[in-house]
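Structure, as structure tokens:
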Amino acid sequence: MEYKFLTGVEKWAEELYKAICSVSESRAKLLVSKRPITLPSFEALSKQERSMLKAQYEKFGICLFASSSIPDRTNGHPLFRLVEQLRDDDWLNFPMRHPLEGHPESVKRFGPNDHTFKIYDLSKSPAEGYVEVAETHKEFHTHSDGLGSGGTVQTVVLYCDSPAERGGQFYYYDLIELFKLLYEYSRKTFAALMMDRAITVTRNRGKGAIRVSSPIIYFADDELPGFFYRKPSGEYSVEYANYKLVQEGIQFIEQYAQPGTTCSIEVPFDQPFTGAILNNRFSAHHRNSFVDDASSRLLSRKWYMRSTTHQPYKHIPLILLSERYYKLYPRYADRKYHTGEWLYDSATDSHQIANLIG
């Protein structure tokens with residue numbers, strides 16, 4: 001099955017490579033680090049400031065920002081004031097309400113729900129239950145946000161309310177550039193990563209138990225390129241297809257999806273009132289471990305989806321692919337898995353519909 005698919009998809013792989021190139025036609029090689037665009041405030045951006053932020057996002061897939069004054073919180077979280085002035089394009093037009101925004105523990109620690117998801121070190125004893133890797137000070141290895149979203153989180157906005165005493169650096173990896181390099185290195189390896197079940201990610205426990213098997217490179221349901229790549233970390237286990245070309249592709253990716261390469265940008269998050277807007281669709285990222293002082297490291301996060309269709313929260317065991325995949329892989333055509341909230345049961349290796357909010 002794998003070999004038949006591989007030989008039949010090489011022409012399709014060429015089409016996907018061309019689509020990737022067209023997305024990033026003017027993309028330059030990334031620098032190892034970039035300075036944020038410093039703004040006098042987030043309240044009233046000038047035309048030039050808006051243009052600079054948008055140009056950085058469109059060229060590199062990420063823009064970094066900082067405020068030289070203490071942001072006004074009178075009318076909500078500062079990141080929303082910034083985003084409101086950059087919403088000319090679809091990448092910031094469709095906010096999604098995450099069910100853990102306003103979680104009782106974050107409200108207890110940081111005050112009333114401001115409609116952002118709080119990322120901090122949630123210290124609790126084993127008797128109180130397990131803690132997700134995102135809720136700890138530990139390193140969170142390479143991933144894109146939104147496992148269970150079907151690949152529909154377009155943009156992630158991160159804002160540093162309070163930095164760690166040390167550590168916690170964030171690394172952004174440009175998958176557009178990385179997979180262009182892979183195609184130029186080996187077309188067959190590139191095509192192998194388009195096979196179904198090239199990657200399987202499982203989160204076995206807790207409120208977000210899910211198992212997603214997918215191609216690593218694909219055409220999404222809107223016919224634009226999509227990527228699904230993640231490394232094992234915390235509660236997330238990752239399996240790659242036991243197929244020589246897939247294994248070679250993973251080795252190639254891992255050469256570049258690490259700090260200091262031409263496909264990476266470092267974001268230190270070592271100052272308050274700084275942040276990043278990143279194209280989650282075409283990128284992956286990871287976070288170093290950190291050490292907190294008494295004030296604690298706190299990031300605020302907001303997801304923006306690909307379209308209004310994807311704004312309602314979903315937790316599904318599929319990546320939403322082009323219908324052209326359906327003849328090869330009928331399971332993607334089962335629309336009951338395109339919406340709703342599904343919970344993975346490892347005992348039966350199956351998903352059941354569930355209400356995960358709360």
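Numbering of residues begins at 1 and proceeds along the displayed sequence.
For Arg81, the salt bridge (charged side-chain N to carboxylate O under 4.0 Å, His left out) partners are Glu43, Glu84, not counting sequence neighbours. Here Thr308 pairs with Gln311 under the side chain to side chain donor-acceptor pair (under 3.5 Å) rule; sequence neighbours left out. Under the rule for a side chain to side chain donor-acceptor pair (under 3.5 Å), the partners of Glu15 that lie at least two apart in sequence or sit in another chain are Arg324. Every residue two or more places apart in sequence or in another chain that forms a salt bridge (charged side-chain N to carboxylate O under 4.0 Å, His left out) with Lys244 is listed here: Glu248. Every residue two or more places apart in sequence or in another chain that forms a salt bridge (charged side-chain N to carboxylate O under 4.0 Å, His left out) with Arg306 is listed here: Asp221, Asp222. Every side chain to side chain donor-acceptor pair (under 3.5 Å) that Thr116 has, sequence neighbours left out, goes to Asp114, Lys118. Partners of Lys138 under the salt bridge (charged side-chain N to carboxylate O under 4.0 Å, His left out) rule, at least two apart in sequence or in another chain, do not exist in this structure. The ring-ring contact (aromatic ring centres under 6.0 Å, His included) search around Tyr120 returns Phe110, not counting sequence neighbours. Under the side chain to side chain donor-acceptor pair (under 3.5 Å) criterion, His285 pairs with His143, Asp145, sequence neighbours left out. Legend: residues meeting ring-ring contact (aromatic ring centres under 6.0 Å, His included) with Phe65, ordered by chain and number and at least two apart, are Phe42. Applying the ring-ring contact (aromatic ring centres under 6.0 Å, His included) test to Tyr17 and every residue at least two apart in sequence or in another chain returns Tyr183. With sequence neighbours excluded, no residue forms a side-chain contact (heavy atoms from CB on, under 4.5 Å) with Ala55.
Between Ile217 and Leu16, some side-chain heavy-atom pair lies under the 4.5 Å cut-off. Lys108 is listed as a side-chain neighbour of Glu105, based on a closest heavy-atom distance under 4.5 Å. Looking at heavy atoms from C-beta onward, Leu318 lies out of side-chain contact with Val212 at the 4.5 angstrom threshold. Tyr172 places none of its side-chain heavy atoms less than 4.5 Å from the side chain of Phe60. The closest side-chain heavy-atom distance from Asp121 to Phe290 is below 4.5 Å.
Taken from SG in Cys63 to CG in Leu278, the straight-line distance is 9.0 Å, to the nearest 0.5 Å. Of the inter-residue distances, the one linking Leu245 atom CG with Thr189 atom OG1 reads 5.0 Å to the nearest 0.5 angstrom. Between the OG1 atom in Thr136 and the CD atom in Glu235 there is a gap of 8.5 Å [rounded to 0.5 Å]. To the nearest 0.5 Å, the span separating CG on Leu79 from NE2 on His115 amounts to 11.5 Å. Atom OG of Ser350 and atom CG of Leu343 lie 9.5 Å apart (nearest 0.5 Å). One finds the OG atom of Ser214 at 8.0 Å from the OH atom of Tyr325 (value rounded to the nearest 0.5 Å).
Between His315 and Tyr313, the ring planes lie parallel to each other; the angle is under 30°, not in the 30° to 60° tilted range. Using a 30° and 60° split on the angle between ring planes, His338 and Tyr326 fall in the tilted class, from 30° to 60°.
When all heavy atoms are compared, the tightest approach of Ile119 to Ala134 is CG2-O, 3.7 Å. Nearest heavy-atom pair across Phe252 and Leu178 is CE2-O, 3.9 Å. The two residues Arg50 and Gln85 have their closest heavy-atom pair at CD-O, 2.9 Å. Shortest non-hydrogen contact noted between Phe219 and Ala19 is CE2-CB, 3.9 Å. The two atoms that bring Leu328 and Trp12 nearest to each other are CD1-CZ3, 3.9 Å, heavy atoms only. The two atoms that bring Glu139 and Arg287 nearest to each other are CG-O, 3.2 Å, heavy atoms only.
Between Glu239 and Lys231 there is no salt bridge, since none of the side-chain N atoms of the basic residue sits less than 4.0 Å from a carboxylate O of the acidic one. Between Asp161 and Arg73 a salt bridge is recorded (basic side-chain N to carboxylate O distance below 4.0 Å). By the 4.0 Å N-to-carboxylate-O rule, Asp349 lies close enough to Arg211 to be salt-bridged with it.
No path of Ile, Leu, Val, Met, Phe, Trp and Tyr side chains, each step under 4.5 Å between heavy atoms, connects Leu224 with Leu321, placing them in separate hydrophobic clusters. Hydrophobic clustering, with ILVMFWY side chains joined whenever heavy atoms are under 4.5 angstrom apart, groups Tyr185 together with Met195. Criterion: ILVMFWY side-chain heavy atoms under 4.5 Å apart, direct or through other members. Under it, Tyr256 and Leu175 are part of a common hydrophobic cluster. In the hydrophobic clustering of ILVMFWY residues, with side-chain heavy atoms under 4.5 Å counting as a link, Tyr344 and Ile199 come out apart. Hydrophobic clustering, with ILVMFWY side chains joined whenever heavy atoms are under 4.5 angstrom apart, groups Ile353 together with Leu147.
Within a 6.0 Å sphere centred on CD of Gln48, heavy atoms belonging to other residues, nucleotides or ligands number 12 at most.
Between the Thr261 side chain and the Gln258 main chain, a donor and an acceptor come within less than 3.5 Å of each other. Judged by distance alone, with hydrogens and angles left aside, the side-chain atoms of Glu49 form a donor-acceptor pair with the main-chain N or O of Ser46 at under 3.5 Å. Between the Ser144 side chain and the Ser283 main chain, a donor and an acceptor come within less than 3.5 Å of each other. At distances below 3.5 Å, at least one donor-acceptor pair connects side-chain atoms of Arg87 with backbone N or O atoms of Leu92. The backbone N or O of Arg297 lies less than 3.5 Å from a partner atom in the side chain of Asp292, making a donor-acceptor pair.
A donor-acceptor pair shorter than 3.5 Å can be found between the side chains of His286 and Tyr173. Side-chain polar atoms of Asp196 and Tyr332 form a donor-acceptor pair below 3.5 angstrom. If you check the side chains of Thr74 and Asp72, you find a donor sitting under 3.5 Å from an acceptor.
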Quick one, Glu14 with Lys11, criterion salt bridge (charged side-chain N to carboxylate O under 4.0 Å, His left out). Give me CA distance, side-chain angles, the key distance, then yes/no.
CA-CA 5 Å; Glu14 182 180 4; Lys11 208 169 176 185; over 6 Å; no

Could you please spell out the steps behind the ring-ring contact (aromatic ring centres under 6.0 Å, His included) verdict for Phe170 and Phe269?
CA-CA 7 Å; Phe170 173 97; Phe269 285 128; 5.6 Å; yes

Using the side chain to side chain donor-acceptor pair (under 3.5 Å) rule, take Thr155 and Tyr57 through it: C-alpha gap first, then chi angles, then the decisive distance, then the call.
CA-CA 10 Å; Thr155 305; Tyr57 177 93; 3.1 Å; yes

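Shown are His98, Glu101, His77; of these, the side chain to side chain donor-acceptor pair (under 3.5 Å) with Lys302 is made only by Glu101.
Within the 6.0 Å centre-distance limit, the rings of Phe179 and Phe227 are counted as a close aromatic pair. Aromatic ring centroids of Tyr337 and Trp342 lie under 6.0 Å apart.
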